[in-house]
S.K.: 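Below is one structure. I have some questions about it.
Along the sequence shown, residues are numbered consecutively beginning with 1. All values below come from the heavy atoms of this structure, side chains included, with hydrogens, waters and symmetry mates left out.
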Amino acid sequence: MTNTTQTRHTISILVNDQPGVLQRVSGLFGRRGFNIESITVGQSEEQGLSRMIIVTTGDDKTVEQIEKQLYKIIDVIKVVDLSANPMVGRELALIKVKSEPTARPEIMGLVETFRAAVVDIGTHSLMVQVVGDTEKIDAMIELLSPYGIRELSRTGVTAMIRGNA
C-alpha cells in the first residue's frame, strides 16, 4: 500500500553539467503543479556532473511519478529519494540582525546556544551564520526576530544518505 499523505521528500538528482538542465528539471516540477521548497545545485564527486537536491512535498505515488518523469530528461543520470533512507540534511543561513551595543550580549548568548557564529559586526547590526537542519534554522530566525531582522539569506537544503551507502 502506498502512502497517500503529503510528506516532505528530499530528492537527489545527478545531472550532466550542461546549460539549461536546471530549467528543464524545475520546469518539470512546475508543469506537474509541484512546489519546490528548496533547491541546491553544485559540483558532484564526478567531473562533468552536478548534483541537485530538491525538497518538495507530496505523497509517495506522486513522487514516484516525478522520479520517472525526471529520467525522461536526457541530462538526468540518477534520481534518489533520500527521504526513504536515514539521511543527513543541512542548510546554511546568514541573518543580519539589528544590534545596538546594549542588546549584543543577549544576541551573543543565542548565537552560542545554537552553535552559530557572528561573522560580521557593524555599528548597528550583527551578521549571524547558522548551519543545521531546517528546524534549527527556523528556530534561530524566530528567536532573533524580536531584535529586528534586517536581511536574511538561506541556502536551501543539501543532503546525503547516512553511512556506507
S.K.: Evaluate M160 against V88 for side-chain contact (heavy atoms from CB on, under 4.5 Å), listing each step before the verdict.
M.R.: CA-CA 6 Å; M160 286 184 174; V88 174; 5.6 Å; no
S.K.: Kindly give the heavy-atom pair with the smallest separation between A159 and I53, and that separation in Å.
M.R.: O-CD1, 3.7 Å
S.K.: Roughly how far, to the nearest 0.5 Å, is the CD1 atom of I95 from the CD1 atom of I141?
M.R.: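 It is 5.0 Å, given to the nearest 0.5 Å.
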S.K.: I'd like to know if the side chain of K136 reaches the main chain of V131, judged simply by a donor and an acceptor atom lying under 3.5 Å from each other, with no hydrogens or angles considered.
M.R.: yes
S.K.: In terms of hydrophobic clusters joined by side-chain contacts under 4.5 Å, are V119 and L92 together?
M.R.: yes
S.K.: Are any of the side-chain heavy atoms of R154 and D138 separated by less than 4.5 Å?
M.R.: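 Side-chain contact under 4.5 Å: yes.
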S.K.: Group every Ile, Leu, Val, Met, Phe, Trp and Tyr by side-chain heavy-atom contacts under 4.5 Å, then state whether V118 and I107 land in the same group.
M.R.: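 Same cluster.
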S.K.: Give the minimum heavy-atom separation between D75 and Q18, together with the two atoms involved.
M.R.: OD1-CG, 3.9 Å
S.K.: About how many Å separate CG of D120 and OG of S125, when rounded to the nearest 0.5 Å?
M.R.: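 Rounded to the nearest 0.5 Å, the OG-CG separation comes to 6.5 Å.
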S.K.: I need the minimum non-hydrogen distance between M108 and L126, along with the two atoms involved.
M.R.: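 Scanning both residues, the minimum pair turns out to be SD-CD1, 4.4 Å.
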S.K.: Can you sort out the partners of T57 under side-chain hydrogen bond (donor to acceptor under 3.5 Å, both in side chains), two or more places apart, ordered by chain and number?
M.R.: E37
S.K.: F34: which other cluster members, linking ILVMFWY side chains closer than 4.5 Å, directly or transitively?
M.R.: I11, I13, V15, V21, L22, V25, L28, F29, I36, I39, V41, M52, I54, V63, I66, L70, Y71, I73, V76, V79
S.K.: Find out if a path of hydrophobic residues (ILVMFWY) with successive side-chain heavy-atom gaps under 4.5 Å connects V128 to I149.
M.R.: yes
S.K.: Distance from K96 atom NZ to R150 atom CZ, nearest 0.5 Å?
M.R.: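 The NZ atom of K96 sits 7.5 Å away from the CZ atom of R150.
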S.K.: Can you give me the closest heavy-atom contact between V55 and V157, atom names plus distance?
M.R.: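 Closest approach of V55 to V157, heavy atoms only: CG2-CB, 3.7 Å.
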S.K.: If you count the non-hydrogen atoms of other residues, nucleotides and ligands that lie under 6.0 Å from CD in E135, is the total more than 12?
M.R.: yes
S.K.: With hydrophobic residues grouped by side-chain heavy-atom distances under 4.5 Å, do V97 and L152 end up in a single group?
M.R.: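 Same cluster.
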S.K.: Identify the heavy atoms of R8 and S83 that sit nearest to each other, and give their distance.
M.R.: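 R8 and S83 have their closest heavy atoms at O-OG, 3.7 Å.
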S.K.: Donor-acceptor pair, R51 side chain versus S12 backbone, under 3.5 Å?
M.R.: no
S.K.: Quick one: does D60's side chain get under 4.5 Å of H9's, heavy atoms only?
M.R.: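 Touching, per the 4.5 Å side-chain cut-off.
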S.K.: First locate atom CG of L49, then atom CG of D17, and finally report the distance between them rounded to the nearest 0.5 Å.
M.R.: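 Spacing of CG (L49) from CG (D17) equals 8.0 Å.
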S.K.: Among T158, T40, T134, which residue meets the side-chain hydrogen bond (donor to acceptor under 3.5 Å, both in side chains) test with E91?
M.R.: T134
S.K.: Calculate, to the nearest 0.5 Å, the distance between atoms CD and CG belonging to E106 and L143 respectively.
M.R.: 11.5 Å
S.K.: Considering all heavy atoms of both residues, which atom of K98 and which atom of Y147 are nearest to each other, and what is their separation?
M.R.: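 Minimum heavy-atom separation between K98 and Y147: CB-O, 3.4 Å.
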S.K.: Quick one: CE on M140 to CZ on R115, what's the gap to the nearest 0.5 Å?
M.R.: 13.0 Å
S.K.: Could you give me the CA-CA distance, side-chain angles and deciding distance for D59 and Q65, then say whether side-chain contact (heavy atoms from CB on, under 4.5 Å) is met?
M.R.: CA-CA 10 Å; D59 62 39; Q65 285 300 311; over 6 Å; no
S.K.: Set out, in order, the CA-CA distance, both residues' side-chain angles and the distance that settles side-chain contact (heavy atoms from CB on, under 4.5 Å) for R162 and N85, then state yes or no.
M.R.: CA-CA 8 Å; R162 287 186 176 274; N85 303 288; over 6 Å; no
S.K.: For the CD atom on E100, are there more than 12 heavy atoms of other groups (residues, nucleotides or ligands in this structure) within a distance under 6.0 Å?
M.R.: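 Buried by this count: over 12 neighbours within 6.0 Å.
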